[in-house]
Amino acid sequence: VPTPSGEIFDAGFQSLDPRVRTLWTIGSAGSAVLTAIVVTIGLVLLDVAGSLVMVTVVLGAALALGAAVWARLAWARWQWSAGSRALELRHGVVILRASVVPYHRLQQIDVVRGPLERLLGLATLTLRTAAATSDARIPGIDAASADDVRRLLLERAGRDDAV
Amino acid sequence: MPFDADRPVVGPQRTHPLTVVLGLGGVAIGAIFGLVLSAGLLGSVIALGGALRFVGWFFRTYELRADELVISAGVLTRRVQVVPYQRIQQIDIHRSLLAQLLGLTELRIDTAGSKEGRVQLAYLDHALSQSIRAWVLARRAELAESTTGGRAADGPRPTPEAEFSLSAGRLLLAGATSTGPVVALALYLIAIPVTAPVVLAGGDAVIWVLGGAAIAAIVLLVATAIVAAGHLLTYARFRVSVAAEDLKIDYGLLEVQHLTLPRARVQHVSIIDNPIRRALGLLSITVHSAAIPGAEHETSFTIVALPRARLSELLAFVVPQPHASPLLPELAPRPPAARRRAVVRRSLIIALPAIAVAVAWFPVGVVSLLASSLGVPWGRLAHRRAGHAVTDTIAVVSAGAVAHRVEIVPIARVQSSRTRQSPLQRRVDLASFSLDVAGGAPALYDMDLTIAARLRATIPLAGEITRAR
């Protein structure tokens, strides 16, 4: 769990909040399971052969399981570190991505909380630089500490427009 | 000249009355519908549209104050836009064909610090717009001088003067040698061995080959002519001049552009050439600037045919000079594993259609698989041309076998950096490396992982030091 105090800097790499695994699992498995349920109900109502219904149920369950495994892998790989001068991110399951964003380039930091994130008590920090391609998004931060992290990062940001 | 900050120097003033007429495009569409239905409806559509345009124009005024441009608009809800001269990144003159015929101009003013950063003043008398632009730019320079204070004490800085223009002949040459026709030719050459077995399997081979060659030649010729004519129209009267801190770019026949780019805002520079242009000693160079930080659109201009001999002269104006090293440093090659991947990847690109042909016209079609051996020289050439270099002021990445591309990024402009590793790259310790700048992300594929990781950590931080200096 990220520390909400001023200790985020130079604390080495840290993981995202473990609750983000639930968030990601629901996010990607939710639609698969929902589709499977709707199709199954439809098939039962239409009185289609039981084996086809079984296939749909099994497929839905497999997709949900896959989503859960994927979420766990993604969480295990996700690491972020607030160094003394730059933010570093490492993530990706199949394709590994790493990025370095110096604080003096930060122009804006948004704290975003979707409905599921609010339920789980999580938040996403979106950092913006002058480059649209910068990869600087930290999902799954504990909602209570998100504002502190944001404030601490902003304190280190430069004051000019830095383009 | 002392100014009273609270009193307008010019205005409040309306834009040119013909603005009402020029903005009637929407009304014209309505009028066409009206015409179909009835004459009475036509009349009322024109009257209503014209009246709305007139009211909009009547209540929209601009004022040039000592330190800022103020634009007020709106009938019921008054909207006032204030643009401090010092926040202005760019003032461009834009003239559509219709505006040119009427002697009018649209002024586009880009500012920093907001995504809604573009302010338009349309339409103005052409001569008036030029003097407004000159006055505002001069005022911006004065204000910058007074706020930085000490800088003036260093004495006048040397004003570099240079001009790059393009003759009609060179524009046609640039169009004729652009990458499109070259790529088409290369694809055709590859297609011959790929499709030959199909022909040999049935039909008259001689007629097919000759006919195919003739058709390809005609298509190439027409494509080349179209591209060349397009270049001539778009870039006619092309001129880049360097005036102190700014680059001024003027071009166009139907759509006339007058751009001003602050030299300090250049984000990256792309140098592109191909075998034909290289043989002619020409290259194409695009200078990307950022008018509005964080916004999606960027501002750039391209010199489509710059003689290679003048490259370093131009680069000296648009990228910071490395200390005690040649302008374009020697590039470090990628590791041998990258060459293997370059060859395999390109062979596969050719092999996939070749396999389809081989299966479809088995067994004669199998000959087409030979074409994929072209991937070897293609990949090797691509590998030889790829590389990177980093000096204390710029980072350079280069790639491309046929259309060769060199990207130069001032280190002080780098916003962040990234690496990316696919599972196959991971097996051989390679990574793709990109630098994020406003309006682009120059990248080099298949770089040595250790080097990429080191550059990822150092380049974005080096920008801070360079900027502080």
Side-chain angles (χ1 to χ4, degrees), chain A residues 9-10 12-13 69-70 73-74 76-110 112 125-139 153-163, chain B residues 87 89 111-115 117 262 264-268 289-298 409 412-426 431-443 449 452-465 467-468:
Chain A
F9 296 107
D10 294 318
F13 277 97
V69 171
W70 185 276
L73 287 176
R77 278 276 165 70
W78 233 110
Q79 293 195 303
W80 65 282
S81 125
S84 53
R85 290 164 64 202
L87 184 76
E88 250 189 287
L89 310 178
R90 290 178 188 175
H91 58 106
V93 177
V94 176
I95 290 170
L96 301 189
R97 297 168 195 275
S99 85
V100 174
V101 187
Y103 301 129
H104 72 272
R105 292 306 198 188
L106 292 181
Q107 295 207 323
Q108 189 184 332
I109 305 179
D110 299 332
V112 183
L125 278 186
T126 305
L127 286 66
R128 288 179 210 284
T129 70
T133 49
S134 288
D135 172 20
R137 207 172 139 268
I138 316 177
L153 291 176
L154 274 180
E155 273 169 18
R156 299 238 171 164
R159 280 171 178 273
D160 61 319
D161 69 354
V163 180
Chain B
R87 300 229 53 135
Q89 301 290 339
T111 60
S114 105
K115 292 194 181 183
R265 295 269 165 182
V266 170
Q267 302 289 319
H268 67 128
S289 173
I292 306 166
E296 295 305 316
H297 83 260
E298 50 151 352
V409 184
R413 300 277 85 81
V414 173
Q415 300 289 328
S416 60
S417 62
R418 283 173 293 135
T419 57
R420 183 180 182 281
Q421 264 194 305
S422 72
L424 291 176
Q425 283 178 317
R426 232 178 299 162
S432 300
F433 173 68
S434 348
L435 289 169
D436 301 307
V437 290
L449 175 65
R454 182 166 49 78
L455 294 182
R456 182 186 68 212
T458 53
I459 289 183
L461 291 176
E464 190 177 24
I465 302 161
R467 245 156 27 97

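No experiment lies behind these values; they were computed from the predicted model shown. Chain naming here is simple, since letters A, B, ... match the order of the sequence lines and numbering starts at 1 in each.
With sequence neighbours excluded, the residues satisfying side chain to side chain donor-acceptor pair (under 3.5 Å) with B/Arg456 are B/Thr419. By the side chain to side chain donor-acceptor pair (under 3.5 Å) test, B/Gln425 pairs with B/Ser432, B/Asp446, sequence neighbours left out.
Of all the heavy atoms in A/Ala130 and B/Gln415, the pair that sits closest is N-OE1, 3.4 Å. In terms of heavy-atom proximity, A/Pro102 sits nearest to B/Ser416 at CD-CA, 4.2 Å. Nearest heavy atoms, B/Arg420 versus A/Ile95: NH2-CD1, 3.2 Å.
The side-chain contact (heavy atoms from CB on, under 4.5 Å) test with B/Arg418 is passed by exactly one of A/Val100, A/Val101, A/Asp135: A/Asp135.
Looking at heavy atoms from C-beta onward, A/Arg105 lies out of side-chain contact with B/Asp436 at the 4.5 angstrom threshold. By the 4.5 Å heavy-atom criterion applied to side chains, A/Val94 and B/Pro423 are counted as neighbours.
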